[in-house]
Student: 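Take a look at this one; I'll ask things after.
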Amino acid sequence: MKLATWNVNGIRARLGGVCEWLARHEPDVLCMQETKVVDSDFPFEALSELGYSVAVAGEPGYNGVAIASRHPLSDVRLGLHGDGPASERRLLAATVLGVRCASVYVPNGKGVALPSFVEKLRWLERLRLTLDVSSNPSDLLVLSGDFNVAREETDVFDPAALRGQLHFHPDEQRALARLLDFGLVDAFRELHPGVRRYSWWDYRGGDFQSNRGLRIDYVFVSTALRARLAHAEIDLTPRGARKPSDHAPVLVEIA
DNA sequence: ATGGTCGAACCTCGA
């Protein structure tokens with residue numbers, strides 16, 4: 001099973017690039033974040049022509065998650081445990097080929113001294129709680145998306161300068177570690193220990209060209225799938241294209 | 001030099 005995750009930063013602005021990438025890599029599943037479109041305006045037809053069904057959870061202008069699959073999607077579920085109908089669209093789960101797949105868009109946090117940062121930490125706690133009440137580490141489970149946290153020094157371009165800042169603050173790292181303590185493994189890091197490979201670069205300042213990036217997009221697999229990890233990569237090609245998303249897709253193969 | 005660049009929808013905000 002090939003599974004990918006990509007923060008597309010607007011599916012309508014990115015439709016050509018996403019379709020091109022899907023045609024090239026033919027993943028069984030693509031989890032998307034920041035689709036930034038209401039469900040009635042989602043470009044289902046273009047993905048359908050490539051053989052994909054799509055489960056969507058969007059809102060006007062901001063956020064929005066989706067799961068595209070070449071196989072039937074079942075048990076589609078929106079939101080965290082305890083979310084209400086007005087909650088931001090940041091989590092969508094569906095079962096594909098017997099694997100529970102979740103598309104995750106963790107709140108950015110805005111700044112470590114702002115209330116949004118506390119909300120980010122709480123959201124991560126609630127994601128762990130959602131796993132606790134709905135899943136088991138022995139399940140076939142894949143949690144993938146934009147987690148907005150770099151886990152370790154090899155995940156940022158300048159650890160000394162960035163330590164304590166947004167995306168590389170110990171409180172966020174603890175919250176993410178607590179999520180992984182459920183029984184999840186970072187697929188890319190599992191197969192590529194010590195490798196510096198980023199998944200996000202700021203649009204500003206030529207950051208991609210000078211590789212001032214962060215690894216904040218992850219595919220986390222349950223311990224039951226750990227031994228079946230066959231391949232993991234972060235594809236930088238689309239980030240170098242014309243009019244790119246600021247994130248690169250992460251692609252994993254499970255045998 | 002306290003910058004810069006996107007997307008979506010509104011005439012700014014969030015990232």
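Naming: A, B, ... by sequence-line order, numbering from 1 per chain.
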Student: Verify the contact: side-chain N or O of A/Arg12 to OP1 or OP2 of B/dA9, cut-off strictly under 4.0 Å; return yes or no.
Tutor: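 Answer yes for this pair, as a side-chain N or O of A/Arg12 is under 4.0 Å from OP1 or OP2.
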Student: Whole angstroms only, please: what is the CG-C1' distance between A/Asn63 and B/dG7?
Tutor: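 Going from A/Asn63 (CG) to B/dG7 (C1'), I get 13 Å.
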Student: Can you tell me how far P in B/dC11 sits from the matching atom in B/dT5, rounded to whole Å?
Tutor: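 Their P atoms lie roughly 23 Å apart.
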Student: For the residue pair A/Trp200 and A/His167, categorise the inter-ring angle as parallel (less than 30°), tilted (30 to 60°) or perpendicular (more than 60°).
Tutor: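 Tilted: the ring planes of A/Trp200 and A/His167 meet at 30° to 60°.
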Student: Select base, sugar-phosphate, or nothing to describe what A/Phe208 touches, counting heavy atoms under 4.0 Å on all strands.
Tutor: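 No contact.
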Student: Using a cut-off of less than 4.0 Å, is there contact between a side-chain N or O of A/Arg14 and OP1 or OP2 of B/dG7?
Tutor: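 Yes, because at least one side-chain N or O of A/Arg14 sits under 4.0 Å from OP1 or OP2 of B/dG7.
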Student: Can you check the A/Phe117 CZ to B/dA15 P distance for me, whole Å?
Tutor: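 In whole Å, B/dA15 P lies 14 Å from A/Phe117 CZ.
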Student: On DNA chain B, nearest-nucleotide positions of A/Gly61 versus A/Lys110: which is more 5'?
Tutor: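 It is A/Gly61, whose closest nucleotide lies nearer the 5' terminus.
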Student: Using atom types as modelled and distance alone, determine if a side-chain donor or acceptor of A/Arg212 lies under 3.5 Å from a backbone N or O of A/Gly205.
Tutor: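 Pair found, side chain donor or acceptor close to backbone of A/Gly205.
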Student: By nearest nucleotide on DNA chain B, pick out whichever of A/Tyr203 and A/Gly10 is the more 5' one.
Tutor: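 Residue closer to the 5' terminus by nearest nucleotide: A/Tyr203.
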Student: Could you check how far CD of A/Glu59 sits from C1' of B/dG7, rounded to whole Å?
Tutor: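 Going from A/Glu59 (CD) to B/dG7 (C1'), I get 14 Å.
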Student: B/dG4 and B/dC10: how far apart are their C1' atoms, nearest whole angstrom?
Tutor: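 Here B/dG4 and B/dC10 have their C1' atoms 22 Å from each other.
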Student: Return no unless some side-chain N or O of A/Lys243 is found under 4.0 Å from OP1 or OP2 of B/dT5.
Tutor: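 Result: no.
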Student: Once you round it to whole Å, what is the distance between P of B/dC6 and CZ of A/Arg242?
Tutor: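 Going from A/Arg242 (CZ) to B/dC6 (P), I get 12 Å.
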Student: Taking only the P atom of each, what is the distance from B/dG14 to B/dA9 in whole angstrom?
Tutor: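 Per the computed distance, 15 Å lies between those P atoms.
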Student: Nearest-Å distance, CG (A/Asp202) to C1' (B/dG3)?
Tutor: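 Whole-Å distance recorded here is 12 Å.
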Student: Measure the distance from CG on A/Leu166 to P on B/dG14 and round it to the nearest whole Å.
Tutor: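 Result: 14 Å.
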Student: Find the distance A/Lys36:NZ to B/dT12:C1' and express it as a whole number of Å.
Tutor: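 Rounded to the whole Å, the gap is 13 Å.
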Student: What nucleotide among B/dC13, B/dA8, B/dA15 has an atom nearest to a side-chain atom of A/Tyr62?
Tutor: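 From the listed options, B/dC13 comes nearest.
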Student: Can you tell me the distance, in whole Å, between the NE2 atom of A/His247 and the P atom of B/dC6?
Tutor: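 Going from A/His247 (NE2) to B/dC6 (P), I get 14 Å.
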Student: Considering only the P atoms, how many Å lie between B/dG7 and B/dA1, rounded to the nearest integer?
Tutor: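 31 Å, rounded to whole Å.
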Student: When A/Asp155 is tested against each of A/Arg196, A/Arg189, A/Arg163, A/Arg197 for salt bridge (charged side-chain N to carboxylate O under 4.0 Å, His left out), which residue passes?
Tutor: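 Exactly one pass, corresponding to A/Arg189.
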Student: Assigning hydrophobic clusters by single linkage (Ile, Leu, Val, Met, Phe, Trp, Tyr; side-chain heavy-atom cutoff under 4.5 Å), is A/Ile234 placed with A/Tyr105?
Tutor: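 Result: yes, single cluster for both.
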Student: Ignoring hydrogens and geometry, is there a side-chain-to-backbone donor-acceptor pair from A/Arg178 to A/Gln173 under 3.5 Å?
Tutor: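 No; judged by distance alone, with no hydrogens or angles, the pair does not exist.
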